[in-house]
Visitor: 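Before anything else, here's the structure in question.
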Amino acid sequence: MKGVHGDSFTVLQAPEFVSFQKGDWPVSGEKIPDLVALTMGFSVQEDLSWPGLQAGPLFQRPRANVLVVVRGVDSLALPQSVASYPLENPVPFTLDSVAETVHSLFAEDTPVVLQLAPSEERLYMLGKANAVFEDLPVTLQQIRARLSQDGSVLSSLPLNSLSRNAEADLLFLSEVQVLHDITALLQRHRHLAKDHSPDLYSLELSGLEELSRLYGPDSPQYRDATALLASVLQKFGQDVYGLYGNSSVVEVVTVKAFEAPLTRKSRSILESRQISNPGSPYNLAYKYNFEYAVVFNIVLWLMIVLALAVIAIAYNLWNMDPGYDSIIYRMTNQKIRMD
C-alpha cells in the first residue's frame with residue numbers, strides 16, 4: 001500500500017478535550033471524513049474502530065476543524081504536532097457529509113463551511129457567514145493580482161530558488177497566499193470564531209505536485225517549496241488555533257498521489273455568491289432532509305394500502321345484491337309484501 005511509503009495524517013493542533021493518542025496506527029483515507037465528524041462531536045453511520053482518537057467530553061466540541069490536504073509529498077517536516085499517523089489506502093475523499101451536517105444542524109446560526117482547491121479553482125461554500133469569504137481570491141487570475149499587491153507573501157517569504165515568473169512556482173505561491181488571506185479575514189472578522197456554531201475548512205493544495213512533475217522531486221525548487229510550505233502550515237495552524245480560542249482542530253494530510261481520480265459534484269466558482277446567499281433563488285438545491293427516506297416509505301406504503309382498500313370496497317359494492325346484502329332494501333321488500 002502507498003500508506004507504507006510515507007503518506008501521513010498529522011494533527012497540528014487540537015484542544016485538550018479532543019484526545020489524540022500517539023502511536024503507529026494507520027488510518028484509511030476513506031475514513032478521514034468520519035474522523036473529522038467525530039472530532040467535531042457528530043455521530044457517524046459506522047463505528048470507527050481506530051485507537052488513535054479517544055472519546056471526549058459529551059458537552060464539549062471544538063469550535064472549528066481545519067483539514068489541509070497536500071498533494072505531491074509523502075510527509076512534511078512539521079516542527080510541532082500533536083500526533084502523526086501513517087495513511088493507508090489514499091483514495092480521494094471530500095468532507096461533503098460533514099459540511100451538510102454542520103449546515104443542517106446550525107442553519108439558523110453563522111457557521112463557516114468552506115471547501116477550497118485553488119489549483120483547480122474549485123470552491124464550495126455554505127451558510128450565512130461565507131459572505132465574508134466572497135472576496136477571497138481563488139481563481140488564478142485573482143491570486144496573481146493579489147500576489148502583486150502590498151502585503152503579499154512574495155514580499156515576506158524567502159523564495160530562494162522559486163521564481164516569480166514561472167507558472168508552476170506561481171501556482172504554489174498562490175496556495176500559500178490563500179492560506180495567508182484566510183487567517184487575515186478571520187482576524188478582521190473575529191466574531192465568526194466566537195459564535196456557538198462550529199466551522200469547517202477543507203483546503204486542497206497541489207502546488208507541490210506540479211513542482212515535482214515539472215522540476216523533479218530532487219530539484220532545489222521542490223526542496224525549497226517543501227520546506228517553505230511546512231513552515232507556512234505550522235504558522236497557519238497556530239494562527240487558526242489562537243483565533244478560535246485554542247478550541248480548534250487542525251489536521252494535515254500529505255499524500256504523494258491519490259490512487260484514483262477525484263470525482264465529485266462541485267459548484268462552479270462563479271456561483272459562489274449565490275451559494276453563500278441562502279435567500280437567493282438561483283443555483284441552489286433544496287435543503288436535504290435526512291428523514292426523507294423514512295417519510296417517502298410512509299407515504300408510499302400508505303398510498304398502496306389505501307389504493308388496495310378502495311379497489312376492494314369498489315369490487316364488493318359492484319357485486320353486492322341489494323335484496324340480500326343491504327338491510328335497507330331487505331326491510332323495504334318486507335314492507336311491500338305486508339301491504
Side-chain angles (χ1 to χ4, degrees), residues 10 12-14 36 40 62-71 76 78 94-95 98-99 102 110-147 149-157 170-195 197-208 228-253 266 269 272-273 275-276:
T10 304
L12 274 182
Q13 301 286 345
V36 172
M40 300 185 71
R63 295 181 182 176
N65 189 290
V66 183
L67 177 66
V68 182
V69 178
V70 181
R71 293 164 49 182
L76 290 172
L78 298 168
T94 66
L95 301 184
V98 187
V102 172
T110 55
V112 177
V113 179
L114 177 66
Q115 300 185 63
L116 176 63
S119 62
E120 299 179 11
E121 299 184 358
R122 190 174 73 238
L123 175 67
Y124 179 72
M125 297 194 299
L126 281 174
K128 303 174 185 177
N130 288 113
V132 173
F133 296 92
E134 287 181 347
D135 297 330
L136 185 70
V138 286
T139 66
L140 295 180
Q141 183 178 2
Q142 292 173 344
I143 298 176
R144 283 178 181 175
R146 176 70 182 89
L147 287 172
Q149 297 173 0
D150 295 336
S152 69
V153 296
L154 294 181
S155 59
S156 59
L157 294 178
L170 285 175
L171 172 62
F172 168 77
L173 293 172
S174 68
E175 296 177 341
V176 176
Q177 183 66 56
V178 169
L179 294 175
H180 176 270
D181 289 341
I182 289 176
T183 55
L185 285 172
L186 285 175
Q187 287 174 353
R188 291 201 300 268
H189 302 274
R190 290 177 177 267
H191 64 280
L192 295 177
K194 296 180 180 179
D195 57 11
S197 57
D199 300 337
L200 177 67
Y201 301 85
S202 176
L203 311 173
E204 183 177 324
L205 311 180
S206 59
L208 284 179
L228 178 61
L229 184 60
S231 63
V232 168
L233 284 177
Q234 189 73 58
K235 186 178 184 303
F236 174 75
Q238 293 173 351
D239 292 343
V240 173
Y241 188 68
L243 286 169
Y244 279 93
N246 298 342
S247 181
S248 63
V249 180
V250 183
E251 303 119 336
V252 176
V253 172
S266 61
I269 194 171
S272 60
R273 187 169 299 275
I275 295 170
S276 60

Visitor: With rounding to the nearest 0.5 angstrom, report the CG to CD1 distance, Asp239 to Ile182.
Guide: 12.0 Å
Visitor: Walk me through whether Leu136 and Leu116 qualify under side chain to side chain contact (heavy atoms under 4.5 Å, CB included).
Guide: CA-CA 10 Å; Leu136 185 70; Leu116 176 63; 3.9 Å; yes
Visitor: If we ignore hydrogens and angles and just use 3.5 Å, is the side chain of Glu175 paired with the main-chain N or O of Gly207 as donor and acceptor?
Guide: yes
Visitor: When rounded to the nearest 0.5 angstrom, what is the spacing between CZ in Phe236 and CG in Leu203?
Guide: 5.5 Å
Visitor: To the nearest 0.5 angstrom, please state how far the CG atom of Leu208 sits from the CG atom of Leu171.
Guide: 9.5 Å
Visitor: Check Leu185 against Arg188 and note the closest heavy-atom contact, atom names and distance.
Guide: CD2-NH2, 2.9 Å
Visitor: Please confirm whether the backbone N or O of Leu147 pairs with a side-chain atom of Ser152, one donor and one acceptor, at under 3.5 Å?
Guide: yes
Visitor: Grab the two heavy atoms, one from Val113 and one from Ala99, that are nearest each other, plus how far apart they are.
Guide: CG1-CB, 3.4 Å
Visitor: State the CD-OG distance between Gln13 and Ser247, to the nearest 0.5 angstrom.
Guide: 12.0 Å
Visitor: Run the numbers on Val112 and Val132 for side chain to side chain contact (heavy atoms under 4.5 Å, CB included), then give the verdict.
Guide: CA-CA 9 Å; Val112 177; Val132 173; over 6 Å; no
Visitor: With side chains defined as the heavy atoms from C-beta onward, is the minimum distance between Asn65 and Val98 less than 4.5 Å?
Guide: no
Visitor: Provide the closest heavy-atom pair for Ala230 versus Leu76 in the form atom of the first, atom of the second, distance.
Guide: CB-CB, 4.3 Å
Visitor: For residues Gln115 and Leu95, report the shortest heavy-atom separation together with the two atoms involved.
Guide: OE1-N, 3.7 Å
Visitor: Show the nearest heavy-atom pair for residues Lys194 and Arg63, with the distance to one decimal.
Guide: CA-NH1, 4.2 Å
Visitor: Quick check for you: to the nearest 0.5 Å, what is the distance between Leu186 atom CG and His191 atom NE2?
Guide: 10.0 Å
Visitor: Just how far is it from atom NZ of Lys235 to atom CD of Gln238, taken to the nearest 0.5 Å?
Guide: 8.0 Å
Visitor: Quick check: does any side chain N or O of Gln177 sit under 3.5 Å from a backbone N or O of Val153, one acting as donor and the other as acceptor?
Guide: yes
Visitor: Heavy atoms only: give me the nearest Ser248-Pro62 pair and the separation to one decimal.
Guide: CA-CB, 4.2 Å
Visitor: Using side-chain heavy atoms (C-beta onward) and a distance below 4.5 Å, is Val240 in contact with Tyr201?
Guide: no
Visitor: With sequence neighbours excluded, what pairs up with Gln187 under the side-chain contact (heavy atoms from CB on, under 4.5 Å) test?
Guide: Arg190, Leu243
